[in-house]
Amino acid sequence: LIHFYKRRLSKNLLVASNTGSTSRTMGSAVQANLVLDNMNPCIKKMEYAVRGPLVIRATEIEKEIESGVKKSFPNVIKANIGDAHAMGNKPIVFIRQVLALITHPPLLETDEFPEDAKDRARAILKGCRGASVGSYSDSPGIEIIRRHVADYIAERDGFPSDWKNIMLCAGASEGIRACLKLMTNPGEGTRPGVMIPIPQYPLYSASLAEYNMAQVGYYLDEERNWALDLAELERSIKEAKDKCDVRAIVIINPGNPTGQVLTRDNIVDIIKFAHREKLFIFADEVYQHNVYAEGSKFHSFKKVMNELGEPYNKMEMASFMTCSKGYMGECGIRGGYAEVINMDAKVMAMLQKSISAKLCPTVIGQACMDAVVNPPRPGEPSYEDWNAQVQGVLASLKRRAELVANTLNTIPGFKCNTVQGAMYAFPQIMLPEKAIEAAKEAGQAPDVFYAFNLLEATGICIIPGSGFGQRPGTYHFRTTILPQEDVTKEMLGRLKEFHLDFMNKYS
């Protein structure tokens with residue numbers, strides 16, 4: 001990754017030197033005050049594979065095809081990111097009706113929209129200053145929407161939720177980063193550490209690097225469908241204690257990139273471990289609607305903590321949800337929430353102060369989250385159509401999850417676990433020794449070498465496992481299950497043909 005950006009930087013500098021020659025003859029060159037040598041070193045350490053060099057190259061190939069360059073494939077398939085609408089998934093009509101009404105209130109006076117959508121819109125506008133979504137909201141979000149989120153959580157879990165513990169945010173990522181920042185220590189001394197799963201979503205490794213916090217990885221058990229092993233947690237924290245002050249543990253459930261859904265027993269083990277080690281829990285539950293496999297069920301950490309009773313229901317935890325995933329897929333609208341429980345009151349005040357520096361999350365994103373947590377109810381005019389659309393989306397995702405895993409397992413050299421939930425498969429690829437040697441000669445990790453060859457030969461953009469973390473000596477990649485079913489079949493066909501040729505070439 002570093003070599004990739006250095007090559008691009010060198011090209012940019014060459015262009016700059018050529019275009020800047022005239023200005024230098026007219027006077028002395030202006031020296032930049034901010035350069036790589038004196039910029040924030042933590043930013044330089046950050047890596048975010050989901051938006052990395054493979055994606056940049058995929059976009060370049062798209063533009064080449066548009067300009068008439070002939071390829072052996074008709075189009076690029078970007079299976080690198082969980083962007084549902086970009087992959088052809090349709091917006092939920094009810095959500096868009098509410099958003100249309102709040103952005104153009106005169107529509108409330110027409111007969112073009114159902115009354116339940118109008119009711120939601122009126123309630124949201126009543127909570128906005130000046131009855132306009134163009135006004136700032138309170139920093140943690142509009143009160144009525146926070147109340148609706150608390151109602152949603154209470155209905156989901158069967159335990160009360162205090163709306164004052166709800167913080168609306170511009171996607172779950174902003175809430176996660178806001179809570180992580182509370183644990184940073186810019187001064188001298190032992191760095192704070194956070195336990196994160198390996199493989200993990202790169203938001204965590206990137207944020208920890210940016211905040212100069214230690215990454216304490218614990219491996220998921222691939223042989224048990226990416227389950228979490230208590231002995232591995234013990235190993236991880238024991239090894240880390242001499243290097244950092246371990247403050248928190250992150251759990252992603254359902255899993256990204258691994259697609260597993262934790263059992264209740266697994267969650268109980270994690271909670272008891274976190275209690276014993278005095279760890280703050282980050283429960284990343286943004287895929288809670290995305291559960292497909294028979295026998296799999298989503299259990300929220302808050303619900304299990306409350307079922308366990310004291311002392312576990314007094315533990316500090318932040319859980320996260322978004323409108324970007326699930327059946328909604330409203331990634332670009334940037335809506336989400338964090339529920340922060342059992343936090344010290346003075347620290348909660350500091351969190352509120354911290355988020356106030358950003359004024360407020362986008363009000364449109366807040367409204368989108370409201371439409372998710374306060375959907376049509378049975379008997380309301382939109383319910384039947386809404387429910388049919390939601391169930392249709394989830395049923396299609398289930399079919400695609402099965403199709404991707406089953407097809408990959410028919411290809412020699414692949415091993416893919418069941419996609420129990422979320423939006424991704426994370427298959428292991430058994431690369432020949434010659435391919436590994438070729439990757440070394442190219443200055444690339446073996447899975448990166450494979451992914452770039454796949455992209456250039458087929459137009460399929462996936463993300464190599466090294467971007468998420470993996471056990472040494474194993475190679476994986478993440479692909480979404482989001483392309484439409486016909487496109488998914490085409491993608492898998494291209495992948496199989498490429499893989500067989502690749503294996504023959506390097507056998």
Side-chain angles (χ1 to χ4, degrees), residues 1-22 47-91 329 331-332 396 400 403-404 407-408 411 423-425 429 435 438-439 441-464 466-467 477-506:
L1 184 66
I2 293 171
H3 294 317
F4 174 85
Y5 283 115
K6 280 184 176 178
R7 288 195 298 271
R8 294 183 70 86
L9 180 62
S10 297
K11 290 181 181 179
N12 292 339
L13 290 174
L14 180 61
V15 171
S17 65
N18 291 336
T19 57
S21 58
T22 304
E47 292 187 11
Y48 191 65
V50 175
R51 298 274 184 144
L54 275 155
V55 184
I56 294 170
R57 177 57 188 145
T59 301
E60 290 174 349
I61 293 173
E62 281 184 319
K63 292 179 179 178
E64 289 171 10
I65 292 173
E66 289 173 5
S67 67
V69 176
K70 297 298 181 184
K71 301 284 184 181
S72 59
F73 47 88
N75 63 316
V76 171
I77 300 176
K78 288 186 174 178
N80 61 290
I81 194 167
D83 192 352
H85 294 180
M87 291 287 99
N89 295 270
K90 301 301 180 186
C331 301
S396 177
R400 284 177 262 177
L403 174 64
V404 169
T407 303
L408 289 174
I411 303 174
M423 294 178 169
Y424 316 96
I429 40 176
E441 291 177 12
Q444 294 176 323
D447 52 1
V448 174
F449 179 75
Y450 182 92
F452 266 109
N453 276 269
L454 174 68
L455 175 61
E456 296 292 345
T458 69
I460 299 170
C461 181
I462 47 91
I463 302 300
S466 51
F477 65 78
R478 189 189 79 168
T479 178
T480 72
I481 61 168
L482 290 177
Q484 295 299 290
E485 291 178 60
D486 57 335
V487 179
T488 297
K489 291 176 182 177
E490 180 187 347
M491 178 183 78
L492 292 169
R494 291 190 207 177
L495 172 60
K496 181 175 182 178
E497 183 179 354
F498 163 81
H499 183 76
L500 295 176
D501 288 345
F502 183 90
M503 297 295 278
N504 286 333
K505 180 177 179 180
Y506 291 104

A.B. asks: Taking the side chain from Asp447 and the backbone from Pro464, do they hold a donor-acceptor pair closer than 3.5 Å?
C.D. replies: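 Judged by distance alone, no pair lies under 3.5 Å.
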A.B. asks: Looking at CD1 of Ile429 and CG of Leu454, how far apart are the two atoms once the value is rounded to the nearest 0.5 Å?
C.D. replies: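 Here the rounded value is 9.0 Å.
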A.B. asks: With distance as the sole test, does Thr488 use its side chain to make a donor-acceptor pair with the main-chain N or O of Ile481 at under 3.5 Å?
C.D. replies: no
A.B. asks: Check whether any side-chain heavy atom of Cys331 lies under 4.5 Å from a side-chain heavy atom of His85, and answer yes or no.
C.D. replies: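 Not touching, per the 4.5 Å side-chain cut-off.
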A.B. asks: State the CD1-CG distance between Ile411 and Leu500, to the nearest 0.5 angstrom.
C.D. replies: 7.0 Å
A.B. asks: To the nearest 0.5 Å, how far apart are CD in Glu497 and NE2 in His499?
C.D. replies: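 One finds 13.0 Å between CD of Glu497 and NE2 of His499.
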A.B. asks: Please identify each residue that fulfils ring-ring contact (aromatic ring centres under 6.0 Å, His included) with Phe477, with sequence neighbours left out.
C.D. replies: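 Scan of Phe477 (ring-ring contact (aromatic ring centres under 6.0 Å, His included), adjacent residues dropped) gives Phe414.
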A.B. asks: Kindly give the heavy-atom pair with the smallest separation between Met87 and Pro483, and that separation in Å.
C.D. replies: SD-CG, 3.7 Å
A.B. asks: Run the side-chain contact (heavy atoms from CB on, under 4.5 Å) test on Ile77 and Thr458 for me, step by step, so that the C-alpha distance in whole Å, both residues' side-chain angles and the decisive distance to 0.1 Å come before the verdict.
C.D. replies: CA-CA 9 Å; Ile77 300 176; Thr458 69; over 6 Å; no
A.B. asks: Do other residues, nucleotides or ligands put more than 12 heavy atoms under 6.0 Å from the NZ atom of Lys90?
C.D. replies: no
A.B. asks: Got a sec, which residues hit side chain to side chain contact (heavy atoms under 4.5 Å, CB included) with Glu456, two or more places apart in sequence or on another chain?
C.D. replies: Arg57, Ile61
A.B. asks: Does anything in residues 479-491 pair up under salt bridge (charged side-chain N to carboxylate O under 4.0 Å, His left out), and if so which pairs, sequence neighbours excluded?
C.D. replies: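 Applying salt bridge (charged side-chain N to carboxylate O under 4.0 Å, His left out) to every pair that reaches into residues 479-491, excluding sequence neighbours, yields Arg399-Glu485, Glu490-Arg494.
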A.B. asks: Please identify each residue that fulfils side-chain hydrogen bond (donor to acceptor under 3.5 Å, both in side chains) with Asn89, with sequence neighbours left out.
C.D. replies: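 side-chain hydrogen bond (donor to acceptor under 3.5 Å, both in side chains) list for Asn89, sorted by chain: Arg400, Gln484.
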A.B. asks: Kindly compute the distance separating OG1 (Thr59) from NZ (Lys63), expressed to the nearest 0.5 Å.
C.D. replies: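 Atom-to-atom, Thr59:OG1 and Lys63:NZ are 7.0 Å apart.
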A.B. asks: Kindly determine whether Phe73 and Ile460 satisfy side-chain contact (heavy atoms from CB on, under 4.5 Å), including the steps that lead there.
C.D. replies: CA-CA 10 Å; Phe73 47 88; Ile460 299 170; over 6 Å; no
A.B. asks: Mind listing the closest non-hydrogen atom pair of Ala445 and Ser466 along with its distance?
C.D. replies: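 For Ala445 versus Ser466, the nearest heavy atoms are CB-OG, 4.4 Å.
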A.B. asks: Could you tell me which non-hydrogen atom of Cys461 sits nearest to which non-hydrogen atom of Leu54, and how far apart they are?
C.D. replies: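 Looks like SG-O, 4.0 Å.
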A.B. asks: How long is the span from the CG atom in Leu492 to the CG atom in Leu408, to the nearest 0.5 Å?
C.D. replies: 6.0 Å
A.B. asks: Would you name the heavy atoms of Leu455 and Ala58 that are closest together and state the gap between them?
C.D. replies: CD2-N, 3.8 Å
A.B. asks: Not counting sequence neighbours, which residues clear side chain to side chain contact (heavy atoms under 4.5 Å, CB included) with Ala79? List them please.
C.D. replies: Ile462, Thr479, Thr480, Met491
A.B. asks: The criterion is side chain to side chain contact (heavy atoms under 4.5 Å, CB included); which residues satisfy it with Ala438, sequence neighbours excluded?
C.D. replies: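 Side chain to side chain contact (heavy atoms under 4.5 Å, CB included) check on Ala438 returns Phe449, Tyr506.
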